[in-house]
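Step one of this worksheet: look at the structure below.
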Amino acid sequence: MLKQILPFAHELIQAAIEPGDLVIDATCGNGNDTVILSQTVGSDGKVLAFDVQEQAIEATSRRLSQYELTNVDLILDGHQEVAQYIPEVWKHKLAGAIFNLGYLPRSDKQVITKPVTTIQAIDTIAAHLKYGGIIVCVVYYGHPGGEEEKQALLDHLTTFDQDYFRVLQYGFINQKNNPPFILAIEKKSQRSEVTP
Ligand SMILES: C[S@@+](CC[C@H](N)C(=O)[O-])C[C@H]1O[C@@H](n2cnc3c(N)ncnc32)[C@H](O)[C@@H]1O
């Protein structure tokens with residue numbers, strides 16, 4: 001009955017986005033999330049997919065070709081630079097973004113997401129979310145540096161103003177080997193903002 005982490009992460013973001021939206025894959029890696037986002041926003045929509053590793057951009061590009069998906073801009077840059085890539089017309093209208101934190105499976109474990117840049121990217125995207133928009137982070141933290149990023153994120157997101165954002169933590173607390181968990185940030189709708 002309880003949903004597994006990755007399917008639930010996808011369910012959360014898919015509930016917030018619709019065909020024609022502009023959405024962000026902040027850590028495209030091998031492109032698993034990119035494909036799902038691309039299929040969900042459809043040919044009228046657009047995905048901005050970031051990664052700092054060329055091999056991730058290439059892997060995602062191959063994955064997209066397999067599915068004949070052409071609505072993705074692959075960006076070889078850190079997600080902390082996201083502001084400069086959001087087109088003017090989409091500012092403050094983003095429907096969703098997904099982060100998979102940690103390192104790229106089967107590659108250099110030294111290249112990991114880092115607390116300062118992850119938080120910078122989340123804050124920038126949060127500022128550009130539309131009402132009802134969502135940021136979904138799948139937090140892997142079993143690797144060196146992971147615990148530090150997890151703690152920094154929890155500390156930071158706890159301070160988000162509840163009048164404007166709802167922040168969810170979802171994970172299994174009795175599993176071995178530091179299983180990933182979800183942190184999801186939803187921008188509250190205008191209506192719920194005025195609801196006491
Ligand atoms: C856990 S993997 C992502 C897995 C991916 N979502 C997938 O479906 O395969 C994390 C990725 O974040 C990337 N990364 C690390 N720091 C980054 C940054 N500042 N901006 C964008 N990507 C970054 C790594 O290169 C790695 O590919």
Side-chain angles (χ1 to χ4, degrees), residues 3-14 16-17 22-41 46-67 69 71-86 94 96-128 134-153 156-157 170-171 177-185:
K3 290 181 175 146
Q4 296 295 342
I5 297 302
L6 287 180
F8 189 46
H10 294 150
E11 199 175 302
L12 284 171
I13 193 149
Q14 284 179 305
I17 66 184
L22 179 93
V23 295
I24 293 172
D25 185 348
T27 53
C28 68
N30 289 317
N32 298 308
D33 298 328
T34 322
V35 166
I36 289 170
L37 294 182
S38 164
Q39 289 171 331
T40 309
V41 299
K46 172 78 78 191
V47 183
L48 305 183
F50 291 84
D51 207 291
V52 286
Q53 297 190 75
E54 216 153 304
Q55 76 174 95
I57 296 292
E58 284 164 10
T60 302
S61 174
R62 283 194 298 275
R63 201 79 206 283
L64 293 167
S65 304
Q66 280 167 15
Y67 288 87
L69 296 166
N71 59 347
V72 178
D73 286 353
L74 290 168
I75 300 166
L76 179 62
D77 201 351
H79 42 223
Q80 62 277 14
E81 305 298 334
V82 60
Q84 60 182 279
Y85 295 97
I86 301 172
L94 298 183
I98 194 160
F99 289 72
N100 262 244
L101 303 179
Y103 61 88
L104 183 62
R106 298 178 300 280
S107 87
D108 184 359
K109 291 190 184 164
Q110 307 296 316
V111 184
I112 56 172
T113 52
K114 303 255 175 69
V116 170
T117 41
T118 300
I119 286 173
Q120 212 176 322
I122 288 176
D123 285 354
T124 304
I125 295 169
H128 284 285
I134 197 167
I135 301 172
V136 178
C137 305
V138 180
V139 184
Y140 292 84
Y141 62 98
H143 56 282
E147 186 66 40
E148 187 195 351
E149 183 175 40
K150 167 191 155 185
Q151 208 44 60
L153 260 182
H156 185 64
L157 295 180
Y170 177 87
N177 302 327
N178 307 309
F181 66 94
I182 292 172
L183 290 171
I185 304 140

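Counting begins at 1 with the first residue of the sequence. Numbering of ligands and ligand atoms starts at 1, following listing order.
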**OP:** If you have a sec, work out which protein heavy atom is nearest atom 15 (C) of ligand 1 and how many Å separate them, to one decimal?
**Re:** Thr113 CG2, 3.6 Å

Original post:
Backbone or side chain, does any N or O of Tyr140 fall under 3.5 Å from an N or O of ligand 1?
Top reply: no

Subject >> Which residue and heavy atom of the protein sit nearest atom 23 (C) of ligand 1, plus the separation >> reply: Val52 CG2, 3.7 Å

Subject >> Asn100 and Thr27 side chains, donor-acceptor separation under 3.5 Å >> reply: no

Original post:
Considering only heavy atoms from C-beta outward, does the side chain of Val52 approach that of His79 to under 4.5 Å?
Top reply: no

Original post:
What's the shortest distance from atom 24 (C) of ligand 1 to any protein heavy atom, and which residue and atom give it?
Top reply: Asp51 OD1, 3.4 Å

Subject >> Distance-only polar pair, side chains of Asp77 and Tyr85, donor-acceptor under 3.5 Å >> reply: yes

Original post:
In terms of heavy-atom contacts, does CD of Glu81 have more than 12 from other residues, nucleotides or ligands at under 6.0 Å?
Top reply: yes

Subject >> Sub-4.0 Å atoms of ligand 1 with respect to non-hydrogen atoms of Asp33 >> reply: 6 (N), 8 (O)

Original post:
Of the protein's non-hydrogen atoms, which lies at the shortest distance from atom 10 (C) of ligand 1, and what is that distance?
Top reply: Asn100 O, 3.3 Å

**OP:** For residues Val41 and Leu37, determine if any side-chain heavy atom of one lies less than 4.5 Å from a side-chain heavy atom of the other.
**Re:** no

Original post:
Of the protein's non-hydrogen atoms, which lies at the shortest distance from atom 20 (N) of ligand 1, and what is that distance?
Top reply: His79 N, 2.9 Å

**OP:** Check the angle between the aromatic planes of Phe8 and Tyr170 and answer parallel, tilted or perpendicular using the 30° and 60° thresholds.
**Re:** tilted

Original post:
Which atoms of ligand 1 have any heavy atom of Ala26 under 4.0 Å away?
Top reply: 21 (C), 22 (N)

**OP:** Could you establish whether Ser107 and ligand 1 come within less than 4.0 Å of each other, counting only heavy atoms on the residue side?
**Re:** no

**OP:** Using a strict 4.0 Å cut-off to heavy atoms of Gly78, name the atoms of ligand 1 that fall inside it.
**Re:** 18 (C), 19 (N), 20 (N)

Original post:
Considering distance alone, does some N or O of Gln53 sit under 3.5 Å from an N or O of ligand 1?
Top reply: yes

**OP:** Please examine the side chains of Arg63 and Asn32, heavy atoms only from C-beta on, and report whether any two atoms are closer than 4.5 Å.
**Re:** yes

**OP:** Please identify which atoms of ligand 1 are closer than 4.0 Å to at least one heavy atom of Cys28.
**Re:** 5 (C), 6 (N), 7 (C), 8 (O), 9 (O)

**OP:** Answer yes or no: are there more than 12 heavy-atom neighbours, outside Phe181 itself, under 6.0 Å from its atom CZ?
**Re:** yes

**OP:** Take every heavy atom of Tyr103, measure it against each atom of ligand 1, and state whether any distance is under 4.0 Å.
**Re:** yes

Subject >> Test item: Cys137 and Ile122 side chains (from C-beta on) under 4.5 Å apart, heavy atoms >> reply: yes

Subject >> Ligand-side contact atoms (ligand 1) for residue partner Leu101, heavy atom cut-off under 4.0 Å >> reply: 1 (C)

Original post:
N/O to N/O below 3.5 Å, does that happen between Thr27 and ligand 1?
Top reply: yes

**OP:** Specify the protein heavy atom at minimum distance from atom 19 (N) of ligand 1: its residue, its atom name, and the distance to 0.1 Å.
**Re:** Gln80 OE1, 3.0 Å

**OP:** Check the side chains of Ser107 and Gln55 for a donor-acceptor pair under 3.5 angstrom, ignoring hydrogens and angles.
**Re:** no

Original post:
How about Asp33 and His10: do any of their side-chain heavy atoms sit closer than 4.5 Å?
Top reply: yes

Subject >> Close side-chain approach of Gln80 and Val116, heavy atoms under 4.5 Å >> reply: no

Subject >> Atom pair CG (Asn71) and CG (Leu22), whose distance is rounded to the nearest 0.5 Å >> reply: 10.0 Å

Subject >> Ile98 near ligand 1 by a heavy-atom separation under 4.0 Å >> reply: no

Original post:
Could an N or O of ligand 1 be found under 3.5 Å from any N or O of Asp25, whether backbone or side chain?
Top reply: no

**OP:** Measure the distance from atom 9 (O) of ligand 1 to every protein heavy atom, then report the residue, atom name and distance (to 0.1 Å) of the closest one.
**Re:** Asn30 N, 2.8 Å

**OP:** Below 4.0 angstrom from a heavy atom of Gly102, which ligand 1 atoms are there? Numbered from 1 as shown, please.
**Re:** 10 (C)

Original post:
Going by heavy atoms, is Ile112 under 4.0 Å from ligand 1?
Top reply: yes

